[in-house]
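Please read all numbers here as calculations on a predicted model, not as lab measurements.
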Amino acid sequence: MADYFEVDFLGVETAKSGDAITLRYSVDGSMAVHVVDGGYVDTGDQVIEHLKKYYGTTVIDNIVLTHPDRDHANGLRKVLDVCTVRNLWINRPWIYAEELLPRFTNYNSVEALRRKLRSIYDATALLEDIANEKGIPIHAPLQGEAIGAFTVLSPSRSRY
């Protein structure tokens, strides 16, 4: 089979913002399915139906959350619940709480900062919880990481 890339941008049913992208590709005979962002909560069903109808699967090699805004993260909850997901790529600032603590003068406890960061980025924290419950490996999509046939260009670890 020839190499190919197919990228589908799904409508998130709002005039404001949001993203849900599915893609599948084959490189050297190896096929993969990725989901990048999931839009709003209701968009999760659209993503799943799109995967079933057009890709013939609910097995996802990689889910990538580009950033923690709810209009990108919340739809992924349903996708994680329903689909077989091999890898989740999310940035979780709370895992760096010890390193970040000196930058936050209002906090003197790593655990307090960790809790605060999880509450600020609650949509991402929920994805982490679901992935942990289901045993889905979580990775940090930082510069230089390979996600299938793709390479993450930013953010770098030091910038993040």
Side-chain angles (χ1 to χ4, degrees), residues 5-25 31-97 99-100 103-104 113-160:
F5 287 85
E6 175 182 351
V7 180
D8 298 303
F9 296 87
L10 307 179
V12 294
E13 304 300 325
T14 181
K16 292 189 288 184
S17 63
D19 278 302
I21 302 165
T22 62
L23 60 110
R24 68 178 166 173
Y25 61 89
M31 189 174 143
V33 173
H34 296 211
V35 172
V36 179
D37 295 337
Y40 296 94
V41 172
D42 294 339
T43 311
D45 289 322
Q46 289 176 261
V47 171
I48 295 163
E49 288 309 310
H50 186 84
L51 292 169
K52 287 179 183 177
K53 182 176 182 179
Y54 295 103
Y55 297 3
T57 190
T58 56
V59 176
I60 302 167
D61 296 289
N62 295 287
I63 289 181
V64 180
L65 179 62
T66 59
H67 61 285
D69 293 354
R70 290 183 180 104
D71 61 328
H72 292 253
N74 280 338
L76 294 175
R77 295 189 330 226
K78 181 75 176 257
V79 177
L80 284 170
D81 279 336
V82 172
C83 297
T84 300
V85 177
R86 294 189 174 128
N87 296 284
L88 175 63
W89 295 81
I90 56 175
N91 281 316
R92 300 171 290 167
W94 54 88
I95 67 174
Y96 307 110
E99 291 173 61
L100 293 170
R103 297 175 185 231
F104 290 85
L113 179 57
R114 185 173 286 123
R115 282 192 307 270
K116 180 63 174 179
L117 291 169
R118 278 184 59 87
S119 73
I120 291 170
Y121 302 107
D122 60 333
T124 305
L126 280 170
L127 298 179
E128 177 188 54
D129 293 343
I130 295 166
N132 285 334
E133 285 176 22
K134 295 187 80 175
I136 299 168
I138 302 172
H139 311 278
L142 297 171
Q143 186 177 55
E145 290 291 332
I147 303 175
F150 300 91
T151 301
V152 178
L153 300 179
S154 84
S156 66
R157 171 80 162 77
S158 62
R159 174 74 174 140
Y160 182 70

> Do the ring planes of Phe150 and His34 sit parallel (below 30°), tilted (30 to 60°) or perpendicular (above 60°)?
Replying inline: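 The rings of Phe150 and His34 stand perpendicular, inter-plane angle above 60°.
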> Mind checking whether Ile138 and Asn132 have side chains closer than 4.5 Å, heavy atoms only?
Replying inline: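 Yes; the side chains approach each other to less than 4.5 Å.
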> Taking the side chain as C-beta and beyond, is there a heavy-atom pair between Leu117 and Leu113 under 4.5 Å?
Replying inline: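 A side-chain contact exists here, since the closest heavy-atom pair is under 4.5 Å.
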> Once you round to the nearest 0.5 Å, how far does OG1 of Thr43 lie from NE2 of His72?
Replying inline: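 Spacing of OG1 (Thr43) from NE2 (His72) equals 10.5 Å.
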>> Applying side-chain contact (heavy atoms from CB on, under 4.5 Å), can you list everything that pairs with Glu6, at least two apart in sequence or on another chain?
In response: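 side-chain contact (heavy atoms from CB on, under 4.5 Å) check on Glu6 returns Asp8, Arg24, Tyr55.
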> How close do Arg114 and Trp94 get, heavy atom to heavy atom, and via which atoms?
Replying inline: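 For Arg114 and Trp94, the tightest heavy-atom pair comes out as NE-O, 3.3 Å.
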Side-chain donor-acceptor distances from residues 75-82 under 3.5 Å, at least two apart:
unit_1: Arg77; atom_1: NH1; unit_2: Asn74; atom_2: OD1; d: 3.2
unit_1: Lys78; atom_1: NZ; unit_2: Asp45; atom_2: OD1; d: 2.7

> When His139 is tested against each of Leu88, Asn87, Ile90 for side-chain contact (heavy atoms from CB on, under 4.5 Å), which residue passes?
Replying inline: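 So, applying the side-chain contact (heavy atoms from CB on, under 4.5 Å) to His139 and each of Leu88, Asn87, Ile90, only Asn87 qualifies.
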> How close do Gly38 and Ala20 get, heavy atom to heavy atom, and via which atoms?
Replying inline: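 That closest heavy-atom pairing would be C-CB, 3.9 Å.
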> side-chain contact (heavy atoms from CB on, under 4.5 Å) between Arg118 and Asp129: does it pass, once the steps are laid out?
Replying inline: CA-CA 11 Å; Arg118 278 184 59 87; Asp129 293 343; 3.0 Å; yes
> From Leu142 CG over to Leu153 CG, what is the distance, rounded to the nearest 0.5 angstrom?
Replying inline: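 Interatomic distance, Leu142 CG to Leu153 CG, rounded to 0.5 Å: 12.5 Å.
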> Near Phe5 CZ, under 6.0 Å, is it more than 12 heavy atoms from other residues, nucleotides or ligands?
Replying inline: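 Yes, enclosed.
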> With a 4.5 Å limit on heavy-atom distance, are the side chains of Glu128 and Tyr121 in contact?
Replying inline: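 No, every pair of side-chain atoms sits at 4.5 Å or beyond.
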> What residues, two or more places apart in sequence or in another chain, satisfy side-chain contact (heavy atoms from CB on, under 4.5 Å) together with Pro141?
Replying inline: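 With neighbours one apart ignored, the set is Trp89, Asn91, Ile147, Val152.
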> Considering only heavy atoms from C-beta outward, does the side chain of Cys83 approach that of Val59 to under 4.5 Å?
Replying inline: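 A side-chain contact is absent here, since even the closest heavy-atom pair is not under 4.5 Å.
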> Is the closest side-chain heavy-atom distance between Asp19 and Val36 below 4.5 Å?
Replying inline: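 Heavy-atom side-chain distance check fails, nothing below 4.5 Å.
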> What closest approach, in Å, do Ser156 and Gln143 show between heavy atoms, and which atom pair accounts for it?
Replying inline: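 Looking at all heavy atoms of both residues, the shortest contact is CB-OE1, 3.2 Å.
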> Considering all heavy atoms of both residues, which atom of Leu23 and which atom of Tyr25 are nearest to each other, and what is their separation?
Replying inline: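 Looks like CD1-CD2, 3.7 Å.
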> What distance do Thr124 atom OG1 and Arg70 atom CZ have between them, rounded to the nearest 0.5 Å?
Replying inline: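 The distance works out to 9.5 Å.
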> Between CG of Leu10 and OG1 of Thr22, what distance do you get to the nearest 0.5 Å?
Replying inline: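 It is 5.0 Å, given to the nearest 0.5 Å.
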>> Does Ile21 form a side-chain contact (heavy atoms from CB on, under 4.5 Å) with Asp37? I'd like the steps, not just the answer.
In response: CA-CA 6 Å; Ile21 302 165; Asp37 295 337; 5.5 Å; no
> Got a second to check how far Ile63's CD1 is from Ile136's CD1, nearest 0.5 Å?
Replying inline: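 Here the interatomic distance stands at 7.0 Å.
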>> Using every non-hydrogen atom in the two residues, find where Ala123 and Pro68 come nearest and quote the distance to one decimal.
In response: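 For Ala123 versus Pro68, the nearest heavy atoms are CB-O, 4.3 Å.
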> Considering all heavy atoms of both residues, which atom of Glu145 and which atom of Ala140 are nearest to each other, and what is their separation?
Replying inline: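 Scanning both residues, the minimum pair turns out to be CG-O, 3.6 Å.
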